[in-house]
Amino acid sequence: MKKDIKAKLLATTLKLPVLAVINLILPRILGVSNFGKFEFLNSISLKLLSFFENGTLTGFFVKYSKNPNEINFVYYYFRFIVLSTIIISIFISSAFILGFNFLIWEDNSFVVVLLSFLFAAEIFLINFISRVYESNNLTHKSEFLKLISQIFLCTFLAISFYYLSEIKLVWLYVIYISLNLFLIIYLGSSNINFFSKNLFKINGTYYTEYLYKYSSPLLVYFIISTVSEIFTRWYLQKIGGDTEQAFYGLSLKIITILTLILASVIPILTREFSKSGESVLTNKLYSKSFINLLFLSISLSTIMSTNSDFIIKIFGGSSFSLASPVLKLVAFTPTFQILNQLNGSLLYSKGKTKSYSKVGIVLSLILVISTIFFCGNLFDIGMNMGAIGLGFAYLLNNILRTIILTILIILTFKTSISKFAFKIFYTLLIGTLPLLLIKFLFNESYLIIIFVQVIVFLITLKYLMSNLFKEISHGIKGIFIR
């Protein structure tokens with residue numbers, strides 16, 4: 001486990017500057033309108049895939065991580081992804097042939113929509129292959145191969161931006177799809193052979209029954225969740241167009257940098273949860289991971305939120321200046337998303353999908369209602385806040401989800417609610433208050449404020465979260481000192 005986390009930490013740390021450069025170039029090379037289309041199309045495509053996935057990837061990972069020799073399960077799930085891709089491609093084609101495509105994708109062309117979906121399908125396939133590598137303790141190999149792919153993408157975009165200043169959306173998708181295809185072929189044929197002659201020969205009845213039993217309690221949840229999340233981006237596109245979509249999309253791109261390093265350990269924790277069973281060890285691992293992730297994410301979110309004007313100017317330039325209030329709000333979303341991933345991984349690994357599903361259904365309905373109220377002005381009822389409203393709706397939804405799932409887990413493991421609540425309150429306080437005080441007390445340049453905030457964060461980490469500081473220090477040393 002420690003070796004895998006070290007590999008994740010190093011690879012993710014190296015990815016951060018590469019991802020930052022990519023996110024610096026994309027808004028500038030596409031412009032506000034095309035960047036808005038890019039974010040909108042990717043969001044819809046990923047949600048269509050998640051509808052078919054229906055939690056089965058986690059089900060696959062939970063079972064396969066216990067027995068990595070079960071290669072037929074890998075072939076079966078690979079085949080499932082291919083079949084899902086074909087079905088959704090047929091659906092997209094049918095929508096354009098029958099003329100109801102505008103209901104989902106507005107005025108975007110068939111070629112761009114199809115390319116956006118193929119790009120999303122590749123991302124899903126890479127995620128699946130990465131899970132297989134992680135189950136076989138080959139995390140370091142998959143992470144560094146993905147890093148190399150990101151470096152190639154960054155290089156292509158930098159060259160294109162330098163010589164062309166702008167690029168058409170179609171060609172951007174072609175670049176993404178081509179690089180991802182090379183990565184898939186290499187990952188799928190090197191350490192673990194995904195392209196075996198037995199790929200389409202195995203009888204998958206047993207695996208179909210397992211995944212159905214595992215994911216069937218989530219079926220209604222995934223239908224409602226997928227529809228609600230597609231609706232939120234579609235509704236923003238309807239009332240705000242490409243511009244509001246671009247402001248929201250850029251903010252999401254930026255917070256992805258924050259999410260990347262912290263969320264990278266979640267699959268490894270899922271693997272450990274699935275192996276440990278209902279034990280004291282699981283309870284301790286969960287509690288420790290929750291508090292550590294909360295402190296790290298809330299501190300970094302506070303730094304990002306209090307300096308949103310400067311960060312937006314760096315990433316998007318003056319044309320995206322109105323995205324600053326959006327980032328100021330959504331900067332806190334990763335904190336609760338990461339905790340929800342942790343909660344979800346524990347509940348999934350213990351087979352408590354029914355409880356997770358019930359919570360998800362209620363919150364998905366609340367998300368739709370809050371999106372309509374905060375984002376738009378339907379029937380003269382609502383705040384009409386556009387991208388800011390959508391950011392607030394998602395933040396509120398994630399906070400509610402974190403509270404409910406955490407209480408559910410605490411009750412399951414019979415942990416003291418008062419003690420755990422005190423730890424959470426203490427962590428929130430030391431993770432935000434010093435950083436907020438620096439912002440309000442000092443009237444200096446953004447660079448100076450960020451520098452001081454980072455120093456205070458490190459001091460707090462060392463003296464008030466000493467155990468976490470020792471673990472991080474030991475992990476970093478372990479990466480570079482063999």
Side-chain angles (χ1 to χ4, degrees), residues 4-30 35 38-39 42 123 126-127 130 139-163 167 172 175-176 179-180 182-183 249-266 293 296-297 299-317 320 323 327 330-331 334-335 337-338 445-455 457-458 461 472-473 475-481:
D4 288 340
I5 291 179
K6 288 176 183 178
K8 281 278 189 181
L9 178 63
L10 178 58
T12 306
T13 302
L14 294 174
K15 279 181 190 176
L16 288 178
V18 178
L19 184 62
V21 173
I22 291 173
N23 288 339
L24 277 169
I25 296 172
L26 275 179
R28 290 172 169 83
I29 203 170
L30 288 175
F35 184 75
F38 180 69
E39 287 298 304
N42 291 346
I123 292 175
I126 291 170
N127 189 26
S130 298
T139 304
H140 56 291
K141 293 187 177 182
S142 64
E143 288 301 313
F144 285 107
L145 286 171
K146 287 191 287 184
L147 172 62
I148 292 170
S149 177
Q150 291 286 315
I151 292 172
F152 272 111
L153 173 62
C154 184
T155 304
F156 268 114
L157 291 178
I159 293 171
S160 301
F161 183 61
Y162 181 79
Y163 286 103
I167 190 172
L172 178 65
I175 292 172
Y176 265 110
L179 288 173
N180 284 340
F182 283 120
L183 177 62
L250 179 61
S251 298
L252 291 186
K253 287 284 186 188
I254 294 170
I255 65 174
T256 298
I257 298 173
L258 171 59
T259 308
L260 184 65
I261 191 167
L262 297 175
S264 61
V265 299
I266 297 296
L293 288 172
L296 292 173
S297 58
S299 300
L300 297 175
S301 292
T302 303
I303 294 173
M304 185 175 289
S305 178
T306 52
N307 298 283
S308 61
D309 292 341
F310 175 73
I311 294 172
I312 286 293
K313 187 176 181 181
I314 293 295
F315 280 92
F320 282 84
L327 179 61
V330 302
T335 297
Q337 284 180 332
I338 290 165
S445 68
Y446 281 108
L447 285 175
I448 294 175
I449 291 174
I450 292 174
F451 176 76
V452 175
Q453 285 179 322
V454 170
I455 295 299
F457 163 68
L458 293 175
L461 178 64
I472 294 174
S473 301
I476 293 173
K477 287 178 184 177
I479 290 170
F480 297 104
I481 302 174

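Keep in mind the model is a prediction, meaning the values are calculated, not measured.
With rounding to the nearest 0.5 Å, the separation of OH in Y446 from NZ in K313 is 9.5 Å. Here the CE-OG distance, from M304 to S251, works out to 10.0 Å after rounding to the nearest 0.5 Å. For the atom pair CD1 (I338) and OG (S297), the distance works out to 5.0 Å, reported to the nearest 0.5 Å. In this structure, CD1 on I311 lies 11.5 Å from CD1 on I255, to the nearest 0.5 angstrom. Here OG of S299 is found 8.0 Å from CG of L461. Values are rounded to the nearest 0.5 Å.
Closest heavy-atom contact between G317 and R28: N-NH2, 3.5 Å. Taking every heavy atom of both residues into account, I126 and K146 meet most closely at CG2-CD, 3.8 Å. Counting all heavy atoms, side chain and backbone alike, G316 lies closest to L250 at CA-CD2, 4.0 Å. Across S149 and L179, no two heavy atoms sit closer than the pair OG-O, 4.2 Å. Considering all non-hydrogen atoms of both residues, I22 and L157 come closest at CG2-CD1, 3.8 Å. The shortest non-hydrogen separation linking I25 to C154 is CD1-O, 4.4 Å.
Of the options I448, I303, L458, L300, a side-chain contact (heavy atoms from CB on, under 4.5 Å) to Q453 is made by I303 and by none of the others.
The main-chain N or O of S301 is never found under 3.5 Å from a side-chain atom of S305 such that the two would form a donor-acceptor pair. One N or O on the side chain of N42 and one on the backbone of F38 form a donor-acceptor pair closer than 3.5 Å.
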Task: Full working for side-chain contact (heavy atoms from CB on, under 4.5 Å) between T306 and I449 - done: CA-CA 9 Å; T306 52; I449 291 174; 5.7 Å; no
- [ ] Decide yes or no on side-chain contact (heavy atoms from CB on, under 4.5 Å) for I314 and F310, but give the supporting numbers first.
- [x] CA-CA 6 Å; I314 293 295; F310 175 73; 3.9 Å; yes
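Residues L296 and F457 form a side-chain contact, since some pair of their non-hydrogen atoms from C-beta on lies under 4.5 Å apart. A 4.5 Å side-chain heavy-atom check between N23 and I254 finds every atom pair outside the cut-off. The shortest side-chain heavy-atom distance between L26 and L172 falls under the 4.5 Å cut-off. Looking at heavy atoms from C-beta onward, L183 lies out of side-chain contact with F152 at the 4.5 angstrom threshold.
Using cut-offs of 30° and 60° on the angle between ring planes, the pair F320 and F35 is perpendicular.
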